[in-house]
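Let me begin by presenting the structure, written as structure tokens, before commenting on it.
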Amino acid sequence: MTPIELTKRQEEIIRIVKEEGPITGEHIAEKLDLTRATLRPDLAILTMSGLLEARPRVGYFYSGKSTQTLMAERLSRIKVDDLKSLPIVISDKGSVYDSIVTMFTEDIGTLFVVDEEGCLEGAVSRKDLLKITVGGGDFRQMPVGMVMTRMPNIVTTSPEETVFLAARKLIIHQVDALPVVINTKTGGDREVFKVVGRFTKTNITRLFVELIEGH
Ligand code: ADP
């Protein structure tokens, strides 16, 4: 996942392979006045990063892909499952007050509301809760169902979905978080979604920082 930053020698290897590839490691070493063993780590990095390709008995050749293309290819393979946070849920029997307390104690901005089987019923955001305080009423008694957004209007993701597609949903639907769900059809036609995680803008921000720090 590291952004590819090449050393002077690696740049030189790429130049030689671009001009003369396919070329064996032995020949590259000769041109650089180095031993094959000295070059081995550089060639390993360049092939692992996808900049060079190696064919047995033929040698190295340039893949023709820019570091940006390679980065995009790698990023597009990351799955929601690799980044998702633990699901923080509240029971559909809970009150508006319970959801405010849970948001504070768990330090999160969106709660998912589930039934007793852990199946998705709705979502409550900070602004949903702010809205209800403006309207007045006794929110210790008020059920969370009165303020939440309900299924089937919840935008979801799944563990196998790519982070790219999930991130696009966050942008298109203008929400901060998606429940990560597994679709479990019950007896009838009704689709039931078990909540197994949370995918938020924070997950993407963390990925961004980690990529640049080179984790
Ligand atoms: P906030 O309202 O605090 O800025 P959001 O932008 O995430 O937070 O929420 C906007 C609205 O969308 C709220 O009414 C909330 O209930 C609803 N919502 C939150 N998450 C989802 C989701 N994954 N799918 C559909 N609606 C959602």
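All values below were derived from every heavy atom in this structure, side-chain atoms included, with hydrogens, water molecules and symmetry-related copies excluded. Note that the numbering runs from 1 along the sequence shown for the chain. Order of listing sets the numbers, starting from 1, for every ligand and every atom in it.
Taking every heavy atom of both residues into account, Pro159 and Val181 meet most closely at CD-O, 3.6 Å.
Hydrophobic clustering, with ILVMFWY side chains joined whenever heavy atoms are under 4.5 angstrom apart, keeps Val113 apart from Ile154. A continuous path of Ile, Leu, Val, Met, Phe, Trp and Tyr side chains, each step under 4.5 Å between heavy atoms, connects Leu211 with Phe199, placing both in one hydrophobic cluster. There is a path of hydrophobic side-chain contacts, each under 4.5 Å, that joins Ile204 to Leu178.
By the criterion of a heavy-atom distance under 4.0 Å, the side chain of Pro179, and not its backbone, is placed next to ligand 1. With a 4.0 Å cut-off on non-hydrogen atoms, Asp128 touches ligand 1 through its side chain and not its backbone. Here Asn153 has backbone heavy atoms under 4.0 Å from ligand 1, and that is the only part of it that gets that close.
The option with the heavy atom closest to atom 3 (O) of ligand 1, from among Arg198, Lys127, Met103, Arg150, is Lys127.
For atom 10 (C) of ligand 1, the closest heavy atom belonging to the protein is Ser125 OG, 4.3 Å. In terms of protein heavy-atom proximity, atom 27 (C) of ligand 1 is closest to Val175 CG1, 3.5 Å. Distance from atom 24 (N) of ligand 1 to its nearest protein heavy atom, with residue and atom name: Val155 N, 2.8 Å. Scanning the protein heavy atoms around atom 17 (C) of ligand 1, the nearest turns out to be Thr149 OG1, 3.4 Å. Looking only at heavy atoms of the protein, atom 7 (O) of ligand 1 is closest to Asp176 N, 2.9 Å.
Counting the atoms of ligand 1 from 1 in the order shown, those under 4.0 Å from a heavy atom of Arg126 are 3 (O). Near Gln174, with a cut-off below 4.0 Å to any heavy atom, the atoms of ligand 1 are 6 (O).
A heavy-atom distance below 4.5 Å is not found between the side chains of Val114 and Asp92.
Between Leu178 and ligand 1, a contact under 3.5 Å exists for no N or O pair. Checking only distances, Met148 never comes within under 3.5 Å of ligand 1, N or O to N or O. Looking at Thr110 next to ligand 1, no N or O pair under 3.5 Å apart turns up. Residue Lys131 has no N or O atom closer than 3.5 Å to an N or O atom of ligand 1.
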Problem set entry | Ser158 and Val180: CA distance, side-chain angles, deciding distance, side-chain contact (heavy atoms from CB on, under 4.5 Å) verdict | CA-CA 5 Å; Ser158 69; Val180 183; 5.5 Å; no
Problem set entry | Worked check of side chain to side chain donor-acceptor pair (under 3.5 Å) between Thr35 and Thr38 | CA-CA 5 Å; Thr35 65; Thr38 317; 2.4 Å; yes
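Of the candidates Glu12, Glu20, Glu19, Glu20 is the only one forming a side chain to side chain donor-acceptor pair (under 3.5 Å) with Lys31.
Between the Arg198 side chain and the Pro87 main chain, no donor and acceptor come within less than 3.5 Å of each other.
For the pair Gly109 and ligand 1, no heavy-atom separation below 4.0 Å is found.
No salt bridge links Glu30 with Arg36; every basic N to acidic carboxylate O contact stays at or beyond 4.0 Å.
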